Asks: 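Take this structure first; my questions come after.
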Amino acid sequence: MKKQILRFTDVTYIYHTVRGETIAAQDLSFSVGEGEFVAIIGPSGCGKTTLLSLAAGLLRPSAGTVTRVGSCGYMLQKDHLFPWRTIEKNIALPLEIKRQNTSEHRERAKNLAVKYGLGDFLDSYPSQLSGGMRQRAALIRTLATEPDILLLDEPFSALDYQTRLNVTEDVAEIIRSEGKTALLITHDISEAISLADRILVLTKRPARVAFEHEMDFGEVKNPLKRRETGNFSSWFEILWKELNI
Amino acid sequence: MKKGQLQKNFSSEHVLFLKKRRRRTALVWALRIGVLLLVLAIWELVTALGWADPFFMSSPSRIARTIFGLYRDGVLFYHIGVTLWETLAGFAIAVGLGYGIALLLWWSDLLREVLEPYIVVLNALPKIALGPLIIVWCGTGSKAILFMTVLVGIIVAILHMLSAFIATDKNKLLLLRSMGASKWQILTKLVVPSSLPSFISMLKVAVGMAWIGSIMGEYIVSRAGLGYLIVYGGQVFKLDLVMSATVILCILAAGMYFLVALLEKLLVKNTEN
């Protein structure tokens, strides 16, 4: 059995507002193993972002436990690059925050940026980059501190369709070749199928794991190639039905 | 894929477009100056022909003579200096202190909630109502005027910056917190730099407030300054003096606003998203 990087055990989370309380998740259990790419899909408003905040340790569960080995890197829907910083400075941001801003770490982050095609843009400001390049820069920023798990909160949903396919391709390639563990949360079924090793389907609020599937694409890891296979459409049909139960 | 790179060899259509733009700008400036000259000319003419009494209306030539007279008596720059000093010092204190207080209120939610009603009341209160109190507390010197100037500017500065700090992008905050950022890091890496455009717009408002404060202060207590000249001129019916001081005030206020606008150009380069 693989080493588990992230584990949710019977997690319940309750939101409190003045008007009342909402149970966002109840008795939610799952785990993510090292090097695995897990996607979570669920009906809209099922508390997907809450789940990532729990995984990142930004929220504490009302009941149950969340255990995580090592550090995490969070990637959001938009790139949220700071417009007043150059790309190089943006990528160095988590290093500054974690007080790892040594020349060695900076050099490593820079090399990563160069390796994935951002070399010419290190001195540019985010406004000078296209949407796809910006999201790529955001990924390099997330990877700069070498997190043990990547938490991806619908990281492609703000992009237009063509850019989206390209960036998904890029990100999948980078995550695979860096051997990273990743937890992706999305409402996009085809995105989940094209990226993940394993897919969890959540119920409506309160969120629980309703179904779990290992993807059977064998060695086909490339998102676009996966979209061309026959399994793809049958998985889509299965997951579509499960989401609408 | 770099955006915003303009080609250097323009098409003839583009050259024409640029030419039109330049002509337009020149036209606007010519008209602006024309309007000013026209008003001055009509003013001068109407008073010279006796259609309006220059004793009440003054006139451009009389204003020029009055200003030159103040200069000859060696008091022109003294009065300008007094008002300018009060305004600039009051502006600096109001902006600095206001920024600091806004930071404290951002830092502590409890403090903000507790103090909110007091700040709202202080904001609504016409500061001139405190005039007699200020005279008793600070005397009738420039200390009182400075106090008034700070009082007028500081509340606006606090409210303006506080709302900017609070409006910091929630997702960027989430991002920083997910990196494990401390509150101090969130402040220095995100809240302060992202509120820079608001800081500049606050400066623009505060410049206006500082002039209101210093002139209002001089109306109440002073023995020198442009506000004093205006009040004194009004009391002894020297409308030339009133007009002259007002004209100088216009020029100074415009100059200070221009300086802030220049600062904006220097500072705000890469804040657009």
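Sequence lines set the chain letters: A, B, ... in the order given, protein chains first and strands last, and positions in each chain run from 1. Values in this document were obtained by computation on a predicted structure and should not be read as measured data.
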Asks: Quick check on Pro126(A) against chain B: is it the side chain, the backbone, both or neither that has a heavy atom closer than 4.5 Å?
Replies: neither
Asks: With chain B, which of Leu151(A), Leu93(A), Thr142(A) has the greatest number of heavy-atom pairs at distances under 4.5 Å?
Replies: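 If we count pairs closer than 4.5 Å to chain B, Leu93(A) comes out on top.
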Asks: Taking all non-hydrogen atoms of both residues, which atom of Leu175(B) and which atom of His80(A) are closest, and how far apart?
Replies: CD2-O, 4.0 Å
Asks: Tell me whether Arg32(B) at atom CZ has more than 12 heavy atoms from other residues, nucleotides or ligands lying less than 6.0 Å away.
Replies: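 Atom CZ in Arg32(B) is crowded, with more than 12 foreign heavy atoms closer than 6.0 Å.
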Asks: Not counting sequence neighbours, which residues clear ring pair (Phe, Tyr, Trp, His ring centres under 6.0 Å) with Phe17(B)? List them please.
Replies: His14(B)
Asks: Counting heavy atoms not belonging to Lys78(A), are there more than 12 under 6.0 Å from its NZ?
Replies: no
Asks: Below 4.5 Å from any heavy atom of chain B, which atoms of Gln77(A) appear? Answer side chain, backbone, both or neither.
Replies: neither
Asks: Less than 4.5 Å to any heavy atom of chain A: does that hold for the side chain of Ile186(B), its backbone, both, or neither?
Replies: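 Looking at Ile186(B), nothing touches chain A.
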Asks: So which heavy atom on Ser53(A) is nearest to which on Leu174(B), and how close?
Replies: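 Taking Ser53(A) first and Leu174(B) second, the nearest heavy atoms are OG-CD1, 4.4 Å.
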Asks: Between Arg99(A) and Gln185(B), is any pair of side-chain heavy atoms under 4.5 Å apart?
Replies: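 They are in contact (side-chain heavy atoms under 4.5 Å apart), so the answer is yes.
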Asks: With a sphere of 6.0 Å drawn around NZ of Lys89(A), does it hold more than 12 non-hydrogen atoms of other residues, nucleotides or ligands?
Replies: no
Asks: Which atom names give the shortest non-hydrogen contact between Lys189(B) and Phe82(A), and what distance separates them?
Replies: O-CE2, 3.6 Å
Asks: Do the non-hydrogen side-chain atoms of Met179(B) and Arg141(A) ever get within less than 4.5 Å of each other?
Replies: yes
Asks: Could you tell me whether Lys143(B) atom NZ has more than 12 heavy atoms of other residues or ligands within 6.0 Å of it?
Replies: no
Asks: Can you tell me if NZ on Lys20(B) sees more than 12 non-hydrogen neighbours from other groups inside 6.0 Å?
Replies: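 Check fails, neighbour count at 12 or below.
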Asks: For the OG atom of Ser178(B) and the CG atom of Leu52(A), what is their distance to the nearest 0.5 Å?
Replies: 10.0 Å
